[in-house]
Enquirer: 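Can you keep this structure in mind? I'll have questions shortly.
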Protein chains: 2
Amino acid sequence: MQIDSQSRDVFYVSDGTAITCETLGHAVLGQFPFVANEKTFPFVESDEKLTDVIKQIEFSYQRHGVPPLVFFSIVVPEIRARLLQVSAHCYDVLENIVQRVQADTETEPQPKLQRSRSISKNTDTYFDRIAAIEYTLAHDDGMSLKDIEQADIVLLGVSRSGKTPTSLYMAMQFGLRVVNYPFIHDDMRALKLLPAFEIHRHKLFGLTINAERLTAIRQNRLAGSEYASVHQCEHELANVEALFRREAIPYINTSSLSVEEISARILEKAGLKRHLC
Amino acid sequence: MQIDSQSRDVFYVSDGTAITCETLGHAVLGQFPFVANEKTFPFVESDEKLTDVIKQIEFSYQRHGVPPLVFFSIVVPEIRARLLQVSAHCYDVLENIVQRVQADTETEPQPKLQRSRSISKNTDTYFDRIAAIEYTLAHDDGMSLKDIEQADIVLLGVSRSGKTPTSLYMAMQFGLRVVNYPFIHDDMRALKLLPAFEIHRHKLFGLTINAERLTAIRQNRLAGSEYASVHQCEHELANVEALFRREAIPYINTSSLSVEEISARILEKAGLKRHLC
């Protein structure tokens with residue numbers, strides 16, 4: 001029997017989207033040294049579907065000789081009970097905390113399907129979120145400054161500093177209306193703020209990035225170009241950071257941060273409330 | 001002392017983005033009947049920041065006379081220990097499962113900051129995700145069919161059936177390249193597939209929606225228009241659904257689903273692998 005201690009098969013099994021299982025599973029596995037081979041099974045609401053999942057889990061066990069890890073969330077008791085008999089280590093991602101909240105608040109839980117946030121249940125929230133995404137799309141990359149007074153935040157930065165993904169994530173995840181505006185090549189010599197930004201100063205937020213990282217990202221896009229050269233990247237960044245300091249615009253360096261981290265840090269620094277969509 | 005059993009103050013406290021705390025907290029609270037007044041504190045890495053958080057938690061307790069609920073994830077033992085002394089019910093969102101995985105796999109955990117997925121750690125994944133977002137933006141709403149052979153999936157549907165938010169979510173969350181293409185007004189009479197789609201049939205996926213829901217969404221956009229009329233919505237939907245059936249294109253009804261649910265269902269039905277970004 002061959003046991004590879006470096007890697008583990010991991011299954012996420014849920015009767016909903018499996019987003020909660022995946023999120024918690026990743027956070028847990030992030031603390032362990034083994035590599036996870038992950039597979040997700042959402043909407044496991046029937047015996048038939050469960051049979052397929054169980055087959056794959058048993059196959060993994062047969063193949064590797066070590067029980068795989070299963071992070072699950074299943075409401076229907078019969079399906080739950082069948083899953084628990086599989087040859088795997090099974091972790092109910094909610095059970096322990098639900099029981100503790102139940103005891104602490106002396107309130108009966110009412111288990112239900114579709115526990116992950118569902119925008120459709122609240123029509124206002126739904127419209128807000130869709131409107132935020134549309135607004136942000138229409139104001140991507142300096143495309144328009146129309147209705148800038150409706151913006152929750154205005155992101156500034158050089159090309160490829162992370163403005164677009166960050167803007168879309170903030171719209172999608174937090175229902176924020178984001179304008180993002182690039183500083184481009186020709187601006188660099190006498191860099192100053194657009195007059196249109198003056199009365200919205202409190203909404204401005206800068207993104208910067210290390211020159212080596214920016215070079216790598218731009219090389220990936222336009223290899224060998226002046227635009228992607230270390231010299232050009234350094235020049236642009238020095239000018240833009242000087243502007244941020246001169247104008248007292250808060251800014252963060254995105255080099256070693258994920259889109260999630262950048263967004264969470266901006267919200268925190270800008271004192272923006274998270275609308276939980 | 002006034003105890004309002006209908007609502008509870010809830011705090012998410014993390015030394016990272018707090019995304020895991022929020023996700024798990026929502027899922028847990030979704031099973032209880034009380035309304036949650038939620039507040040999130042990310043990046044609580046210092047004694048100073050913790051002092052502010054503790055102050056707010058104690059204030060909530062003083063004000064309501066019931067201990068608030070705290071969902072937390074903190075690595076540094078001293079900060080963790082101080083938080084645990086607050087007048088609240090505190091739940092470590094990872095502890096229980098980490099301990100069980102440790103015992104089951106006989107592996108020591110290595111607690112670390114930034115447990116939520118971080119695209120920056122893997123440069124290839126980072127580029128893939130950014131490329132997917134860019135591709136999807138460039139192929140939104142029928143804007144372009146260039147490089148359609150690179151698409152992972154092509155979403156079809158009438159205006160306002162949920163194509164754009166779904167496409168962006170799939171790109172952002174799963175690193176998929178999505179084309180979305182609307183059926184517009186004039187197409188409706190003799191609806192057929194674009195020739196460009198013929199050799200990509202296996203990538204086509206339809207979105208539909210109930211006529212009442214579509215009318216409400218369109219009224220929100222263009223109140224009183226023909227475009228938003230029940231008659232027009234019914235007409236478009238009937239034609240598009242007939243096309244989906246005729247051409248054997250798989251489709252789902254988005255009416256009562258969140259963007260997360262729509263995306264997860266499409267991935268499942270289309271047999272697409274989730275690239276976990």
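Every chain is numbered from 1 and lettered A, B, ... according to where its sequence line falls, protein lines coming before strand lines.
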Enquirer: Can you tell me which portion of A:Asn96 sits under 4.5 Å from chain B's heavy atoms? Options are side chain, backbone, both or neither.
Expert: side chain
Enquirer: Counting only N and O atoms by type, is there a donor-acceptor contact under 3.5 Å from the side chain of A:Arg100 to the main-chain atoms of B:Cys90?
Expert: yes
Enquirer: For A:Lys49, is it the side chain, the backbone, both, or neither that has a heavy atom closer than 4.5 Å to a heavy atom of chain B?
Expert: side chain
Enquirer: Below 4.5 Å from any heavy atom of chain A, which atoms of B:Glu268 appear? Answer side chain, backbone, both or neither.
Expert: side chain
Enquirer: Please report the shortest heavy-atom distance between A:Pro42 and B:Ala264, naming the atom on each side.
Expert: CG-O, 4.5 Å
Enquirer: Could you look at B:Thr107 and say if it's the side chain, the backbone, both or neither that has a heavy atom under 4.5 Å from chain A?
Expert: both
Enquirer: With only heavy atoms counted, which part of A:Glu134 is less than 4.5 Å from chain B, the side chain, the backbone, both or neither?
Expert: side chain
Enquirer: In Å and rounded to the nearest 0.5 Å, what is the CD1 to CD distance from A:Ile97 to B:Glu95?
Expert: 9.5 Å
Enquirer: Most heavy-atom pairs under 4.5 angstrom with chain B, which of A:Thr23, A:Asp104, A:Leu24?
Expert: A:Asp104
Enquirer: Please state whether the side chain, the backbone, both or neither of A:Phe71 comes within less than 4.5 Å of a heavy atom of chain B.
Expert: side chain
Enquirer: Using a cut-off of under 4.5 Å on heavy-atom pairs, state which of A:Ile217, A:Asp92, A:Ile133 scores highest against chain B.
Expert: A:Ile217
Enquirer: Would you name the heavy atoms of A:Gln102 and B:Phe32 that are closest together and state the gap between them?
Expert: N-CZ, 3.7 Å
Enquirer: Considering all heavy atoms of both residues, which atom of B:Glu261 and which atom of A:Phe43 are nearest to each other, and what is their separation?
Expert: O-CZ, 3.9 Å
Enquirer: Heavy-atom pairs under 4.5 Å with chain A: which of B:Leu168, B:Thr105, B:Val101 has the most?
Expert: B:Val101
Enquirer: Find the one option among A:Leu29, A:Thr164, A:Val93, A:Asp140 whose heavy-atom pairs under 4.5 Å with chain B are most numerous.
Expert: A:Val93
Enquirer: For chain B, which candidate among A:Ala131, A:Gly162, A:Ala216, A:Pro33 shows the most heavy-atom pairs at distances under 4.5 Å?
Expert: A:Pro33
Enquirer: Distance check, rounded to the nearest 0.5 Å: A:Glu260 atom CD versus B:Thr20 atom OG1?
Expert: 10.0 Å
Enquirer: Under a 4.5 Å cutoff for heavy-atom pairs, which residue among A:Gly25, A:Pro165, A:Ser263 has the most contacts with chain B?
Expert: A:Pro165
Enquirer: Restricting to non-hydrogen atoms, name the atom on A:Phe174 and the atom on B:Glu22 that form the minimum distance, rounded to 0.1 Å.
Expert: CE2-OE1, 4.5 Å
